[in-house]
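Quick caveat, the model's predicted, so the values are computed rather than measured. Convention: sequence-line order gives letters A, B, ...; per-chain numbering from 1.
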Protein chains: 2
Amino acid sequence: MSKLSVSGGSKPRPTMKHVAALAGVGIKTVSRVMNDEAGVSQATKEKVLLAAKQLNYELDVTAGSLRRTSRRTNTVGLLLPSVSNPFSAEIHRAMEDALIKKGVAVFAASLDDEPEREEAMVRAFLGRRVDGMVLTPIATNQAHIIPDHSRELPVVFIDREPVGLQADAVVADNAVGAAKAAKHLFDGGHRKIAYLGDRTDIQTARERRRGFNEALSELGVVTSALPVRENLHDVESARLAAIEILTSQDPPTALFSSQNLVTFGCMRALRELGLNHKVALVGFDDFALSDMVDPGVTVIAQHPEKIGALAAERLMARIEGDSQPPQTYVVETTMIIRGSGEIPPPTN
Amino acid sequence: MSKLSVSGGSKPRPTMKHVAALAGVGIKTVSRVMNDEAGVSQATKEKVLLAAKQLNYELDVTAGSLRRTSRRTNTVGLLLPSVSNPFSAEIHRAMEDALIKKGVAVFAASLDDEPEREEAMVRAFLGRRVDGMVLTPIATNQAHIIPDHSRELPVVFIDREPVGLQADAVVADNAVGAAKAAKHLFDGGHRKIAYLGDRTDIQTARERRRGFNEALSELGVVTSALPVRENLHDVESARLAAIEILTSQDPPTALFSSQNLVTFGCMRALRELGLNHKVALVGFDDFALSDMVDPGVTVIAQHPEKIGALAAERLMARIEGDSQPPQTYVVETTMIIRGSGEIPPPTN
DNA sequence: TTGAAAGCGCTAACAA
DNA sequence: TTGTTAGCGCTTTCAA
């Protein structure tokens with residue numbers, strides 16, 4: 001069995017009472033020692049520590065938080081589009097690295113862009129008494145997902161800014177990054193650049209589109225004449241959209257894709273049509289092996305490790321009492337040149 | 001502030017007492033309703049539900065588990081090499097999907113192959129009273145990481161089998177998969193096949209090596225004469241090892257890499273040396289864009305989504321009292337042919 | 001420096 | 001069907 005001990009033979013899990021009895025001290029003394037409180041003599045402390053070790057005692061964090069004034073459980077919740085999305089996974093990892101030092105554990109959950117799931121998971125976290133939450137908002141308005149009585153609960157939003165709620169947020173410079181991409185393609189001689197974007201109800205996607213449009217407008221391009229396909233949310237829909245655009249009359253000489261999966265779809269479409277060395281491509285979001293495909297894909301890289309670390313830092317500050325006005329922190333993007341974005345337009 | 005309400009204005013978080021008072025019933029009745037226990041009249045139930053909704057009441061799972069006989073917290077722990085590794089992330093995702101239906105939350109943590117961290121995280125989970133754990137073992141012996149008194153705690157191991165502990169495990173057919181790869185290369189005409197492997201203290205890595213060797217021996221290849229490089233744990237070390245092997249006198253005509261990152265290193269080495277269309281490559285583990293590189297990479301695919309789902313199922317069965325003897329469940333691997341594994345040896 | 005008693009939010013046991 | 005009391009493991013308060 002996975003339960004190792006044979007029936008009946010197992011000792012109950014030790015409590016402070018057991019440790020206190022073995023050490024010959026009061027229970028409160030054990031509590032002081034286990035929580036590193038001052039006011040315990042060295043000798044007593046050692047006795048208690050020894051007893052605890054002998055019994056293999058483990059402090060019950062949740063029971064303690066019940067009576068503790070601060071109610072802290074040293075646990076935080078993390079809500080992501082999907083834990084298996086590489087971008088999200090990097091953020092998760094960065095938060096973990098930042099929080100483990102403080103003895104804080106991270107609960108992560110996937111939302112799959114389902115607003116009901118968002119609310120349900122927030123409730124699940126609240127019911128487990130997390131000290132705070134980091135979340136990627138999905139619902140168009142976040143005011144209702146945090147119950148009134150939990151408004152004291154520190155929350156930091158990532159990737160997208162919250163709506164209907166004042167709170168810290170850590171986001172990438174989406175508009176700026178998209179503008180960089182647009183300008184890069186323009187500077188390379190492209191005038192007809194297609195935009196392939198994610199769902200328009202996602203703020204991030206809208207920002208990227210705005211940055212793209214504004215940059216080209218400023219450069220004198222009539223953006224209303226450019227091919228635009230939005231609401232692409234996976235590889236396949238992006239691939240089909242790209243094929244349609246590329247096989248239309250008067251096709252674009254370059255593509256800009258606003259997101260990882262959309263970039264993958266564009267790459268597949270270009271490859272299928274034999275255009276991967278003829279039509280330029282710049283994607284938002286870096287990805288593994290982006291330099292190993294043919295040609296290497298020029299991207300606007302976000303820095304999930306920075307976003308995660310900053311979110312963790314802000315969340316801990318809030319949990320520890322920081323009460324400055326909420327702020328949005330912007331993490332810069334970087335353009336990485338690899339070849340696909342430097343393909344010139346045809347010269348005829 | 002992220003704490004929305006202005007100083008002092010916020011109501012305390014409601015408890016069962018508040019709900020009971022508002023509904024005009026006893027606290028135990030509220031408990032019954034919130035836990036869907038039988039024995040409450042429809043009318044009373046509705047009153048309570050209404051009051052709970054008005055107060056935005058959320059059951060405190062952790063406080064409840066304190067007194068509950070089963071002590072369940074509806075929370076499980078998941079220990080992975082790294083939450084940001086795509087293989088791990090898929091497992092995490094699959095477990096989440098399987099458990100969310102049962103109202104069970106998943107805590108995930110990264111271990112980074114540090115045995116001390118493994119033990120620390122197990123303790124962190126125990127201290128938060130998880131109902132069970134799924135873990136990828138790192139330490140060479142797991143007997144000590146689960147304290148005696150917690151032997152009742154259901155544990156399911158994934159990816160690697162435990163040592164010094166009897167427990168359920170869910171693993172890939174590592175030896176069989178590696179054997180498939182070896183035979184595939186042999187059938188393609190290769191006789192000198194290099195093996196590039198992960199750390200030999202990882203059981204999985206040893207199994208793959210064993211399968212590889214046994215398959216070739218059976219086919220009459222003198223495996224002791226083959227180039228072998230082990231203890232490769234990241235892209236860079238694998239790349240250097242591959243370069244060394246490929247530039248040696250009498251280099252191999254094919255490579256087998258035992259893991260994702262090692263495969264990436266091999267791909268880079270082959271590309272750098274201009275050998276990507278000349279030397280065959282089969283990798284263990286599938287990865288994104290494996291078909292978009294040149295040539296597409298033939299792999300032995302594991303199925304993390306199956307491993308995660310099965311681990312979740314076994315863990316829940318144990319938590320719910322299943323006490324059959326512990327068992328190791330093997331999830332089959334699949335060979336996916338994409339080109340790199342089908343390059344023939346030079347014909348001179 | 002130490003410990004006894006009360007109580008955190010909840011469920012078990014039992015009584016009404 | 002409903003409510004009362006005790007107590008889960010811990011921290012707080014306060015007295016010794």
Side-chain angles (χ1 to χ4, degrees), chain A residues 11-49 51-52 55-75 126-131 149-150, chain B residues 11-49 51-52 55-75 126-131 149-150:
Chain A
K11 281 164 242 148
R13 170 181 209 128
T15 70
M16 277 195 179
K17 236 193 298 197
H18 300 121
V19 179
L22 182 59
V25 300
I27 176 176
K28 175 67 233 208
T29 299
V30 178
S31 170
R32 275 193 265 261
V33 173
M34 300 313 295
N35 289 287
D36 264 325
E37 275 173 48
V40 184
S41 72
Q42 191 57 33
T44 312
K45 193 168 175 174
E46 276 161 21
K47 264 195 306 187
V48 171
L49 253 17
L55 295 174
N56 228 316
Y57 172 75
E58 182 71 32
L59 184 66
D60 188 324
V61 184
T62 59
S65 78
L66 213 48
R67 189 65 168 84
R68 198 194 325 273
T69 322
S70 80
R71 301 293 261 97
R72 280 184 58 178
T73 55
N74 287 322
T75 306
L126 292 177
R128 285 178 183 76
R129 297 294 186 264
V130 294
D131 298 335
H149 64 264
S150 294
Chain B
K11 282 163 243 147
R13 170 181 210 128
T15 70
M16 277 194 178
K17 236 193 294 194
H18 299 122
V19 178
L22 181 60
V25 300
I27 176 176
K28 176 68 228 205
T29 300
V30 177
S31 170
R32 276 193 265 260
V33 173
M34 299 315 294
N35 290 287
D36 264 325
E37 275 174 47
V40 183
S41 73
Q42 191 56 34
T44 312
K45 192 167 175 175
E46 276 161 22
K47 264 196 304 188
V48 171
L49 253 16
L55 295 174
N56 229 316
Y57 172 75
E58 184 71 32
L59 182 66
D60 187 323
V61 183
T62 58
S65 78
L66 212 48
R67 189 64 168 85
R68 199 195 320 273
T69 320
S70 79
R71 302 291 263 97
R72 281 184 59 178
T73 56
N74 287 321
T75 307
L126 292 177
R128 284 178 184 76
R129 298 293 186 264
V130 294
D131 298 334
H149 63 264
S150 293

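Contact annotation for B/Thr44: backbone-only contact, meaning every heavy-atom pair under 4.0 Å involves sugar-phosphate atoms and none involves a base.
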Would you be so kind as to tabulate the donor-acceptor pairs closer than 3.5 Å made by side chains of residues 27-41 of chain B, with sequence neighbours excluded?
from, atom 1, to, atom 2, distance (Å)
B/Asn35, ND2, B/Ser31, O, 2.8
B/Ser41, OG, B/Thr44, N, 3.2
B/Ser41, OG, B/Thr44, OG1, 2.6

Extract all donor-acceptor atom pairs below 3.5 Å that involve side chains of residues 16-26 of chain B and protein atoms in other chains or at least two apart in sequence.
from, atom 1, to, atom 2, distance (Å)
B/His18, ND1, B/Thr15, N, 2.8
B/His18, ND1, B/Thr15, OG1, 3.4

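Partners of A/Asp131 according to the side-chain hydrogen bond (donor to acceptor under 3.5 Å, both in side chains) rule, which considers only residues two or more places apart in sequence or in another chain, are A/Thr73.
Protein chain B contacts DNA chain C over a range whose 5' and 3' limits, counting nucleotides with an atom under 4.0 angstrom from a non-hydrogen atom, are C/dG9 to C/dA13.
Two end axes, each from the C1' atoms of five base pairs, can be drawn for the helix from C/dT1-D/dA16 to C/dA16-D/dT1; they diverge by 30°, to 10 degrees.
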Spell out protein contact along nucleotides 6-16 of chain D as letters: B when the base is contacted, S when just the sugar-phosphate is, - when no protein heavy atom is under 4.0 Å; keep the 5' to 3' order.
BBBBBBB----
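Minimum interatomic distance between B/Pro14 and B/Asn56 (heavy atoms only, all atoms of both residues): CG-O, 4.2 Å.
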Candidate pair B/Arg13 and A/Leu126, rule side chain to side chain contact (heavy atoms under 4.5 Å, CB included), full reasoning:
CA-CA 11 Å; B/Arg13 170 181 210 128; A/Leu126 292 177; 3.7 Å; yes
Between B/Thr75 and A/Arg128, is the side-chain hydrogen bond (donor to acceptor under 3.5 Å, both in side chains) condition met? List the steps.
CA-CA 9 Å; B/Thr75 307; A/Arg128 285 178 183 76; 2.9 Å; yes
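A sub-4.0 Å separation between OP1 or OP2 of D/dT1 and a side-chain N or O of B/Thr29 is absent.
Counting heavy atoms from C-beta outward, B/Thr62 and B/Arg129 have side chains that stay 4.5 Å or more apart.
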